[in-house]
Protein chains: 2
Amino acid sequence: MSRWKPDARGRLEQAALELYRERGFDQATVTEIAERAGLTERTFFRYFADKREVLFWGQSHLLELYVNTIANAPASASPIEMVAAALEAAVPIFEERHELAQQRQAVIDAHRGLQERELLKRNALAAAMANALRQRGVSDTIARLAAEIGVIAFTTAYARWVSAPSEQDLSRLIRESLDQIKAITAGA
Amino acid sequence: MSRWKPDARGRLEQAALELYRERGFDQATVTEIAERAGLTERTFFRYFADKREVLFWGQSHLLELYVNTIANAPASASPIEMVAAALEAAVPIFEERHELAQQRQAVIDAHRGLQERELLKRNALAAAMANALRQRGVSDTIARLAAEIGVIAFTTAYARWVSAPSEQDLSRLIRESLDQIKAITAGA
DNA sequence: CGAGTGATGTCAGTCCATGACATCACTATA
DNA sequence: TATAGTGATGTCATGGACTGACATCACTCG
């Protein structure tokens, strides 16, 4: 038997989600989370920068997927098509975890501070995609705007997908959002 | 002479901006801010929910302006035109305070936590505009997307306007961003 | 003139977050 | 196989953000 139980990070993530659901984010202390995971408060803060981050750490590899997809998109694609391809590529990751996504989102929706963090993560995704677009030769402003538009389309679609009682096709919802954005701007 | 010096809130705002600029957000304690304003820490927290909010409280009346502008837009206007009109209406408020905007933005750009708060405020603006659009009969999804697009256009334009050494026409920058968004989506 | 009222102060307490240092199973290598 | 790391974790101390409960006291109003 090894010295420590494996997957400390995963145990902390699970304990945190449980406690945030049971008593709400503010009522759950870091000490409690750590205890439930069989660790100490200090160790919690070695894995996660703060009490909120524990709900978002898993997103870090999404960013990589988005960036790689844009980097490998066909040269013929327009900026918004590259972004759409990236969003599409990540769909399976979400569809495998619909229930977890619902639980997690309910916790976030109940707390301003968590919504803040979610927006920051979204912003980071947009910035990373913009950067990837720039490396494909897209001008700075167009890259930023295309990435932001993509994030909006995804966010809108994701919100509907998460809150839907029966599971819908996330890809289709994303495409619908992009089409609607196109219609809105064209109509001006 | 009245019992207290007037404008406690304003004094706190100014003291906070000064200290955040002098030593950075993390190094400035609330106690110091309150002392510089001739008050106590406890009073700071009566005016502002937390240490970040002091930089954003002033935006609260912007929201009102956006909402009113959309409420009074001509019935013939499209959703995105209503949003553009709202953004346009707020331009003078910013143009009167270019230097303050620069100082404030420098502080925010230097601190993740403040960027988070800024995103939350932006999100609140988008939500308020979406709501105003809904009351003008726009469907829920279109209202949300149009408001978000408007916020992106504004954010992009504002970033350029703030960082520009010589003062540019913010209205023009906003219109340019909207045009670029239109081009990006149309090209898909 | 006395009873509020409201902005501010005082005090005690909780929890988040971090730095410094200790522990000790495991590993590598001489 | 002895020994010197190594790294994940624990322990301890501390500071600072935030909150609730209660005190103060110039001002106002009847």
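Order of the sequence lines fixes the chain letters, A, B, ..., with proteins taken first and strands second; residue numbering starts at 1 for each chain. This structure is a prediction, so every number in the text was calculated from the model and none was measured.
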N/O contacts under 3.5 Å, protein versus nucleotides 1-7 of chain D?
| from | atom 1 | to | atom 2 | distance (Å) |
| --- | --- | --- | --- | --- |
| D/dG7 | N2 | A/Arg3 | NH1 | 2.9 |

Check your understanding: Under the salt bridge (Lys or Arg N to Asp or Glu O under 4.0 Å) rule, what pairs show up with a residue in residues 82-106 of chain B, not counting sequence neighbours?
Key -> none

Practice item. Using whole Å, report how far CZ of B/Arg117 lies from P of D/dA17. Key: 14 Å

Check your understanding: Separation of A/Arg42 atom CZ from D/dG15 atom P, in whole Å?
Key -> 16 Å

Revision key, fill the gap. Numerically ordered, the residues 43-51 of chain B set in heavy-atom contact under 4.0 Å with DNA chain C is B/Thr43, B/Arg46, B/Tyr47

Practice item. Please list residues of residues 5-15 of chain B whose heavy atoms come under 4.0 Å from any atom in DNA chain C, ordered by number; otherwise none. Key: B/Ala8

Donor-acceptor pairs under 3.5 angstrom involving side-chain atoms of residues 66-75 of chain A: please list them, not counting sequence neighbours.
| from | atom 1 | to | atom 2 | distance (Å) |
| --- | --- | --- | --- | --- |
| A/Asn68 | ND2 | A/Glu64 | O | 3.3 |
| A/Thr69 | OG1 | A/Leu65 | O | 2.7 |
| A/Asn72 | ND2 | A/Asn68 | O | 3.1 |

**Study point:** Residues forming a salt bridge (Lys or Arg N to Asp or Glu O under 4.0 Å) with A/Arg160, sequence neighbours excluded
**Key:** A/Glu176

Check your understanding: So which pairs with a foot in residues 98-139 of chain B pass ring-ring contact (aromatic ring centres under 6.0 Å, His included), sequence neighbours left out?
Key -> B/Phe25-B/His111, B/His98-B/Trp161

Check your understanding: Hey, is A/Glu41 close enough to A/Lys51 for a salt bridge, meaning N to O under 4.0 Å?
Key -> no

Revision key, fill the gap. Note: with side-chain heavy atoms under 4.5 Å as the link, the other cluster members for B/Trp4 come out as none

Study note, to complete from the structure: Residues in residues 17-39 of chain A with a heavy atom under 4.0 Å of DNA chain D, by number, are A/Gly38, A/Leu39

**Study point:** Ring geometry between B/Phe154 and B/Tyr158 (parallel below 30°, tilted from 30 to 60°, perpendicular above 60°)
**Key:** parallel

**Study point:** Those residues that, when tested against A/Thr43, pass side-chain contact (heavy atoms from CB on, under 4.5 Å) (two or more places apart)
**Key:** A/Leu39, A/Thr40, A/Arg46, A/Tyr47

**Study point:** Which residues share a side-chain contact (heavy atoms from CB on, under 4.5 Å) with B/Glu22, sequence neighbours left out
**Key:** B/Glu18, B/Leu19, B/Arg36

Check your understanding: How long is the span from the CD1 atom in A/Ile149 to the CD1 atom in B/Ile184, to the nearest 0.5 Å?
Key -> 4.5 Å

Review point. Which pairs count as side chain to side chain donor-acceptor pair (under 3.5 Å) when at least one residue sits in residues 122-138 of chain B, sequence neighbours excluded?
Key: B/Arg122-B/Thr155, B/Asn131-B/Arg134, B/Arg134-B/Asp140

Review point. Between the main-chain N or O of B/Val162 and the side-chain N or O of B/Gln105, is there a donor-acceptor pair closer than 3.5 Å?
Key: no

Review point. Without hydrogens or angle criteria, can the side chains of B/Thr185 and A/Thr185 be said to hold a donor-acceptor pair below 3.5 Å?
Key: yes

